[in-house]
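Written below as structure tokens is the structure these notes are about.
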Amino acid sequence: MAAEMALLKPISKFSSTSHGFGSPRPYSKFYVINMSSATSQNSPKPKKAAKTGIKESLLTPRFYTTDFDEMETLFNTEINKNLNQSEFEALRQEFKTDYNQTHFVRSKEFKEAADKMQGPLRQIFVEFLERSCTAEFSGFLLYKELGRRLKIMKIYSLMLQKTNPVVAEIFSLMSRDEARHAGFLNKGLSDFNLALDLGFLTKARKYTFFKPKFIFYATYLSEKIGYWRYITIYRHLKANPEFQVYPIFKYFENWCQDENRHGDFFSALMKAQPQFLNDWKAKLWSRFFCLSVYVTMYLNDCQRTDFYEGIGLNTKEFDMHVIIETNRTTARIFPAVLDVENPEFKRKLDRMVEINQKLIAVGENQDISLVKNLKRIPIIAALASELLAAYLMPPIESGSVDFAEFEPQLVY
Amino acid sequence: MFAPATLTLRSYAGLQSPAEKVFQLPSRSRSRSRSINGSHSRQPSLEFKRLSVKTAVAAVDSNQLSSSQKEQSNKYYFLVANAKFMLDEEEHFKELLFERLRLYGERDKEQDFWLVIEPKFLDNFPNITKRLKRPAVALVSTNANILSYLCFNVGLAGLAWLGRFMKLRLDRVLSESYESDNLEQALASNPTNIEFEKPQNWVAPYPKYEFGWWESFLPPGSAEPKV
């Protein structure tokens with residue numbers, strides 16, 4: 001799971017927004033993205049995180065939790081007799097095949113490359129590994145819990161066959177992948193004489209709550225954007241091996257196929273719940289999640305241009321490529337996507353980067369916090385208005401041809 | 001999956017099927033199930049038959065090659081779209097196929113999927129061809145393990161696991177299935193030249209996959225000379 005959902009600070013109010021007003025007002029939510037503690041509902045470990053010393057900011061990768069009872073209802077084969085099981089069966093086979101069972105084997109190249117890296121580049125790589133590891137691990141926790149919860153119900157109610165063992169198994173298989181990825185990244189950190197205490201993270205990190213339907217949109221996008229990021233880096237480095245400074249990138253080609261498949265699973269989940277795809281609310285949410293994910297990535301990466309330049313990429317070009325491709329992919333399932341290929345979209349992103357830099361500058365200032373907060377107000381207002389404008393750009397109608405009314409006329 | 005006996009007991013000019021290779025290397029351990037069309041009625045004309053939904057599928061474990069199974073009709077599943085989409089635009093499709101090929105190599109599995117450019121069998125599917133831009137490319141697969149696995153819903157699905165997954169991934173493809181007892185004929189194609197226009201503004205920070213990457217997946221013996 002990629003890390004690109006951080007801007008979203010999903011609040012439990014979300015649900016009432018969606019059902020009550022129907023019109024999501026995502027832009028207003030970005031105010032709330034201050035560092036207020038996210039209370040985690042139904043989190044696997046609902047202990048309230050004390051002062052833990054974990055540095056969390058607006059854009060750090062988050063841990064997610066969801067309404068497991070609702071998930072169970074959604075995929076209960078008794079209630080939903082028309083769930084397209086064959087699609088899930090196909091996916092289960094695909095996951096069980098376990099393409100990367102023997103892929104994540106380290107070589108001694110890693111340590112050598114890590115030792116060679118010094119100064120700022122070393123710092124950047126450590127941060128990259130930490131963030132990636134956290135993101136993968138957050139996927140692991142969520143999928144693991146979903147797999148467990150959907151299965152447990154089945155044991156408790158054997159006679160009723162209440163839940164969906166196939167879906168449960170796929171979640172478990174996906175958590176296998178994520179654990180593998182996180183572990184591999186953590187071993188990378190050990191080359192820098194560091195290690196993430198994942199057990200501690202599990203307990204200490206805040207969990208962000210998402211209703212199932214938002215989990216679908218958000219994780220779908222995270223997985224697909226993760227695929228496009230990894231494959232782009234991989235193919236770029238294959239063509240420009242002089243920038244191959246760290247061996248982990250060589251693993252990305254096979255690695256990102258896992259991400260892509262995970263995304264396919266969420267695609268199948270959404271197809272099985274067409275109510276999340278076929279009305280105007282779904283369109284508004286789709287656009288909202290696309291925007292959140294793209295903007296988060298763009299702002300994040302533009303703060304870390306050294307990393308991308310360090311491997312020979314132009315950060316903004318890289319990001320735009322990833323955004324455009326992810327958007328094209330997403331248009332195969334979401335009922336609406338953003339018109340990211342319109343040059344105006346990139347102009348808006350670039351303005352957001354500038355505004356975000358001002359915001360960061362205020363934070364680094366020596367002012368007392370009251371002054372800082374006052375200074376932030378106009379900047380955040382400017383960011384919000386850019387976000388709103390981007391959100392309101394005319395969208396592109398999209399979706400799977402399995403649903404489209406025009407399907408019979410479609411030429412393939 | 002083919003019955004290797006079927007393959008080796010017939011002569012195909014120029015056909016080097018993977019199954020044949022396996023037959024020449026009997027030391028390779030093979031234990032796989034095989035689909036037998038329960039209600040099969042073989043037609044010597046070797047014509048394609050449209051798959052009827054009631055087809056029963058049984059899985060049989062077979063460790064030895066038995067010539068009694070030579071008269072077997074195989075089910076082929078395919079999904080099809082225009083060549084530009086399949087071979088040029090959807091670059092992740094290339095990754096998926098190579099990933100699968102790599103896995104088959106690692107696990108000593110015979111290849112059971114192919115890309116067929118302008119397949120002849122399409123003539124039997126007017127409902128598909130009238131909606132298809134040409135030249136077309138089909139991904140064709142036959143896989144007994146998967147068939148037996150899916151037998152509970154084969155009538156509904158009409159699509160093998162690989163195809164079902166690929167359909168989910170690619171979305172903009174059509175799918176169907178047919179039967180044939182002859183590999184070569186099942187995968188026969190009409191000679192076609194494929195050309196793609198170079199993309200006008202290629203902005204990705206990497207080059208496109210090379211033209212012709214799909215040649216590794218063409219049916220054995222049908223590799224065409226590069227244009």
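So that the names make sense, note that chain A is the first sequence line, chain B the second, and so on, each numbered from 1. Computed from heavy atoms alone, side chains included, the values below leave out hydrogens, waters and symmetry copies.
Heavy atoms of other residues, nucleotides or ligands lying less than 6.0 angstrom from CD of A:E242 number more than 12. Crowding of A:K238 atom NZ: a count of heavy atoms from other residues, nucleotides or ligands under 6.0 Å not exceeding 12.
Contact check for A:V401 versus B:K167: side-chain heavy atoms found under the 4.5 Å cut-off. A heavy-atom distance below 4.5 Å is not found between the side chains of B:E91 and A:E325. Annotation: side chain of B:R172 is in contact with side chain of A:R332 (closest heavy-atom distance under 4.5 Å). In this structure the side chain of B:P205 never reaches within 4.5 angstrom of the side chain of A:N314, judged on heavy atoms. By the 4.5 Å heavy-atom criterion applied to side chains, B:Y206 and A:H321 are counted as neighbours.
For B:F98, no part lies under 4.5 angstrom from a heavy atom of chain A. Contacts of A:T102 with chain B are made by side-chain atoms alone, with heavy-atom separations under 4.5 Å and no backbone atom involved. If you measure heavy-atom distances from A:N260 to chain B, the contacts under 4.5 Å come from both the backbone and the side chain. Contacts between A:K271 and chain B at a heavy-atom distance below 4.5 Å involve the side chain alone, from C-beta outward.
Between the CG atom of A:D264 and the CG atom of B:D171 there is a distance of 10.5 Å, given to the nearest 0.5 Å. Put simply, NE2 on B:H92 and CD1 on A:I231 are 11.0 Å apart, with the number rounded to the nearest 0.5 Å. Here B:E95 contributes atom CD and A:E253 contributes atom CD; the two are 6.0 Å apart, rounded to the nearest 0.5 Å.
Annotation for A:Y412 and B:N82: closest pair C-ND2, 3.2 Å, computed over non-hydrogen atoms. Contact between B:L103 and A:D98 at its shortest, heavy atoms only, is CD1-O, 4.3 Å.
Checked for salt-bridge contact, A:R328 and B:E90 miss the test: no charged N lies under 4.0 Å from a carboxylate O. Between B:E99 and A:R261, at least one side-chain N (NZ, or NE/NH1/NH2) sits under 4.0 Å from a carboxylate O, which counts as a salt bridge.
The candidate with the highest count of non-hydrogen atom pairs below 4.5 Å against chain A, out of B:K133, B:R169, B:K84, is B:R169. No other option in B:I128, B:L170, B:V80 has as many heavy-atom pairs under 4.5 Å with chain A as B:L170.
Among the candidates B:R102, B:R100, B:E106, the single residue satisfying the side chain to side chain donor-acceptor pair (under 3.5 Å) test with A:Y99 is B:R100.
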